[in-house]
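Report on the structure given below.
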Amino acid sequence: MVNHPTVAAAALVTLLSDKPQLAAPRLLGAVIRHQEVALRIVEVEAYDGEDDPASHCFGGRTARNASMYAEPGVLYVYRSYGVHLCLNLVCHEPGSAGGILLRAGEVIAGMDTVRRRRGPGHREVLLASGPGRLGQALGLTPETDGVNFLQDPHWDVSMPGEEVIGSSGPRIGISRAREEPWRFWVTGDPSVSGTRRHNS
DNA sequence: CCCGGGATGATCT
DNA sequence: GATCATCCCGGGG
């Protein structure tokens, strides 16, 4: 009875039923798969609920952020600057809201599909480096918002296989709550985004 | 290599 | 009308 699928699923639900800022670093090294494409997650950001001024939940529930109030296992997809689709794993304590933004990954399966989606001329380590690029690599659509990866055969998330050495710092691209070090990344990993400015 | 800035459109005030 | 949880290109050093 070791490795029964429901055991792994239960462990993920437990992980994602905590405050996002506590769960996020434990997600480094996890693998997310959509159909034939799989990414090893190397950079994430935690967005808490209505009390986090940088969260889409700040100010309460709206049509856009409704998925962040759903149960852990659900995917929250939002459109950034009109053009990019970005992916969060819903993560919060019971009765709350929140999510973990997947900011960068390493392509470990489906390379041909990713290259076709991203277009020519990209170095391999940059194919899913940055939340918009990661979304494009995974083939997100607006309909991905609200999908439960525990119940949809096209989607899967696996717990990290090995411990990784992580770093943390302020979240990128926000104007409020800059003091919270809620961005987490695999130390030294070449696919982490924002290497020019934000990494220490 | 580094930095600055423009594109682009949904969302909310 | 302002604000973005962004990306990428072009110019200068």
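Just so you know, these numbers come straight off a predicted model, no measurement behind them. Just so we're on the same page: letters track the sequence lines, and every chain starts at 1.
- A straight line from NE2 of A:His56 to P of C:dT3 spans 15 Å, rounded to a whole angstrom.
- You won't find any donor-acceptor pair under 3.5 Å spanning the side chain of A:Tyr78 and the base of B:dA10, going by distance alone.
- If you take CZ of A:Phe58 and C1' of B:dT13, they are 14 Å apart, rounded to a whole angstrom.
- Counting only heavy atoms from C-beta on, A:His122 has its side chain closest to C:dC8 among C:dA5, C:dC8, B:dT8.
- Look at CG on A:Leu85: it is 11 Å from C1' on B:dA10, rounded to the nearest Å.
- A pairwise comparison of heavy atoms in A:Gly130 and A:Ser193 identifies N-CB, 3.7 Å as the closest pair.
- Heavy atoms of A:Leu101 sit under 4.0 angstrom from at least one base atom.
- An OP1 or OP2 oxygen of B:dC12 is reached within less than 4.0 angstrom by a side-chain nitrogen or oxygen of A:Thr62.
- Going from atom CD of A:Glu43 over to atom P of C:dT6 covers 10 Å, rounded to whole Å.
- Using Watson-Crick or G-U wobble geometry with both donor-acceptor distances under 3.5 Å, C:dG12 finds its partner in B:dC1.
- Here the closest heavy-atom approach between residue A:Trp182 and residue A:Asp52 is recorded as CZ3-OD2, 3.7 Å.
- Using a 30° and 60° split on the angle between ring planes, A:His154 and A:His34 fall in the perpendicular class, above 60°.
- With distances taken from any side-chain atom of A:Arg118 to the nucleotides B:dA10, C:dC8, C:dC7, the minimum falls on C:dC8.
- Out of C:dC4, B:dC12, B:dT8, the shortest distance to the side chain of A:Ser175 is found at C:dC4.
- Atom C1' of nucleotide B:dT8 and atom CZ of A:Arg79 are separated by 11 Å, given to the nearest angstrom.
- Nucleotide C:dC7 is matched to B:dG6 when pairs are restricted to Watson-Crick or G-U wobble geometry with both distances under 3.5 angstrom.
- Stacking of A:Tyr81 onto the six-membered ring of B:dG9 is not present when judged by under 5.5 angstrom between centres and under 30° between planes.
- One interatomic measurement links the two molecules: CZ of A:Arg171 to P of C:dC4, which rounds to 13 Å at whole-angstrom precision.
- Going from atom CD1 of A:Ile100 over to atom C1' of C:dA5 covers 14 Å, rounded to whole Å.
- The CD1 atom of A:Ile100 sits 8.5 Å away from atom CG of A:Asn88, with the distance rounded to the nearest 0.5 Å.
- In this entry the distance linking OH of A:Tyr76 with C1' of B:dT11 reads 10 Å, nearest Å.
- The side chain of A:Arg64 lies closest to B:dT11 when the candidates are C:dC7, B:dT11, C:dA5.
- Between A:Arg183 and A:Glu43 a salt bridge is recorded (basic side-chain N to carboxylate O distance below 4.0 Å).
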